[in-house]
Amino acid sequence: METIIYIIIFLIGAMFGSFFTLAVYRIPRREDITHTRSYCPKCNHKLGFFDMFPILSYIILGGKCRYCKEKIRPRYLILEILSGLIFVSIFYLMKIDIYNIKIEQVAEYCFMALYLSFLFIIAGIDKEQRKIEKPVLTYGIIISIIYIAYLCIVEKANIYRYVIYLVFYVLILIVEITDAVLKKYAKSKYINGILLMIIVIAIFTGEYVTINTIAFTSLTVAIYILLNKLKQRRNKSLKTDKQIWKDLKIGF
């Protein structure tokens, strides 16, 4: 019975992953993500049910569009699998007993699913477009405020800890309004977006996890920049060597 539950949760997570890829593609293009049917971005053919079934559709179709045979990026498959595994992992780590499940556990799990939706979408768009979309931030702020209300009302959490986060929300909002009035919004938009994202993460995961996340992300970005610079230097060196050999050949 437990195995069946885990399989169902994995499939639900994979479906969320499929939605994440759709949102990452459409939100920056200001396209509807809830009512418009999925379509192939290459041939614009609307997809049927069997074209969109998470993981299996990609495998059965050989990673290609059924209609125009255009290759589908592997990231769609990877994100669906990763999302499914994360949903299962959270269910397991929360130690939810399916035979004695509690309403509080269901609520917590639903909040985590909403939080993961925010995290996946905002990270996906940032990776592809190098920007943080305001509608996604707004969604994250709303679910975090609802989560605070749930914790304080239902679980009787200390409200003073969360008041600090709400104050930060207000302060950043004031900064954004001020920047918009002074027409400097474009310069600080990304920074404000990162700060708001950090607050959302802190509300859902706590300060310790948030600090570790920032440290790990900073280290990863630093390594990526370093490797990229080394690659550019190597390519430049190879290009210089080729030019030297070319000049020598011309001289002879």
Side-chain angles (χ1 to χ4, degrees), residues 13-14 16-28 73-94 108-109 111-145 147-148 161-162 164-173 175-176 179 185-233:
F16 268 84
S18 181
F19 173 76
F20 299 155
T21 59
L22 178 147
V24 168
Y25 178 81
R26 292 190 184 183
I27 289 176
R73 294 173 66 178
R75 73 166 189 178
Y76 293 99
L77 176 65
I78 294 171
L79 188 54
E80 288 171 358
I81 294 174
L82 182 62
S83 180
L85 291 174
I86 290 175
F87 270 62
V88 170
S89 299
I90 292 174
F91 189 87
Y92 176 78
L93 292 173
M94 288 180 66
E108 286 280 353
Y109 190 83
F111 275 118
M112 288 307 299
L114 294 173
Y115 165 68
L116 284 174
S117 301
F118 163 77
L119 213 57
F120 269 105
I121 295 171
I122 204 165
I125 294 175
D126 187 37
K127 180 180 179 299
E128 294 292 321
Q129 306 289 335
R130 292 294 185 273
K131 64 180 180 180
I132 297 177
E133 288 288 345
K134 194 170 183 179
V136 186
L137 274 176
T138 303
Y139 162 74
I141 292 170
I142 291 172
I143 61 171
S144 66
I145 292 174
Y147 185 56
I148 289 174
R161 171 174 174 263
Y162 296 104
I164 297 173
Y165 293 129
L166 295 176
V167 169
F168 278 129
Y169 275 150
V170 173
L171 290 175
I172 295 173
L173 179 61
V175 170
E176 287 204 2
D179 288 344
Y185 183 64
K187 296 181 180 179
S188 61
K189 183 179 179 182
Y190 191 77
I191 296 174
N192 291 340
I194 291 175
L195 292 175
L196 289 169
M197 182 180 67
I198 289 173
I199 295 173
V200 174
I201 293 172
I203 291 171
F204 278 98
T205 62
E207 293 80 9
Y208 179 76
V209 173
T210 303
I211 292 171
N212 286 331
T213 301
I214 294 171
F216 177 76
T217 304
S218 301
L219 180 62
T220 304
V221 170
I223 293 172
Y224 173 79
I225 293 173
L226 178 62
L227 292 175
N228 195 40
K229 285 187 176 296
L230 290 174
K231 183 179 178 181
Q232 289 176 355
R233 185 174 295 180

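For E133, the salt bridge (Lys or Arg N to Asp or Glu O under 4.0 Å) criterion is met by R30, K131, not counting sequence neighbours. Under the side-chain contact (heavy atoms from CB on, under 4.5 Å) criterion, L227 pairs with I223, sequence neighbours left out. Residues that satisfy the side-chain contact (heavy atoms from CB on, under 4.5 Å) test with L79, not counting sequence neighbours, are F20, T21, F120. By the ring-ring contact (aromatic ring centres under 6.0 Å, His included) test, F111 is found to be paired with Y147, Y150, residues two or more places apart in sequence or in another chain being considered. Applying the side-chain contact (heavy atoms from CB on, under 4.5 Å) criterion to I148, with sequence neighbours excluded, gives C152, Y162, L166, I203. Among residues two or more places apart in sequence or in another chain, the side-chain contact (heavy atoms from CB on, under 4.5 Å) test is passed with I211 by none.
Taken to the nearest 0.5 Å, the CD1 atom of I225 stands 11.0 Å off from the OG1 atom of T220. To the nearest 0.5 Å, the span separating CG on L82 from CZ on R75 amounts to 13.5 Å. Put simply, CD1 on I199 and CD1 on I172 are 3.5 Å apart, with the number rounded to the nearest 0.5 Å. Here the OH-CD1 distance, from Y25 to I125, works out to 13.0 Å after rounding to the nearest 0.5 Å. Separating the CG atom in L137 from the CG atom in N192 is a distance of 9.5 Å, to the nearest 0.5 Å. From R26, atom CZ reaches atom CD1 of I121 across 12.5 Å, with rounding to the nearest 0.5 Å.
Residues S144 and Y169 have side chains that bring a donor and an acceptor to within less than 3.5 angstrom of each other.
Below 30°, between 30° and 60°, or above 60°: for Y115 and F204 the angle between ring planes is below 30°, a parallel geometry.
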>> Does I201 form a side chain to side chain contact (heavy atoms under 4.5 Å, CB included) with L119? I'd like the steps, not just the answer.
In response: CA-CA 8 Å; I201 293 172; L119 213 57; 4.0 Å; yes
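Contact annotation: the side chain of L116 never approaches that of F16 to less than 4.5 Å [non-hydrogen atoms, C-beta and beyond]. Residues I164 and F168 form a side-chain contact, since some pair of their non-hydrogen atoms from C-beta on lies under 4.5 Å apart.
G13 and S83 get closest at one heavy-atom pair: O-OG, 2.6 Å.
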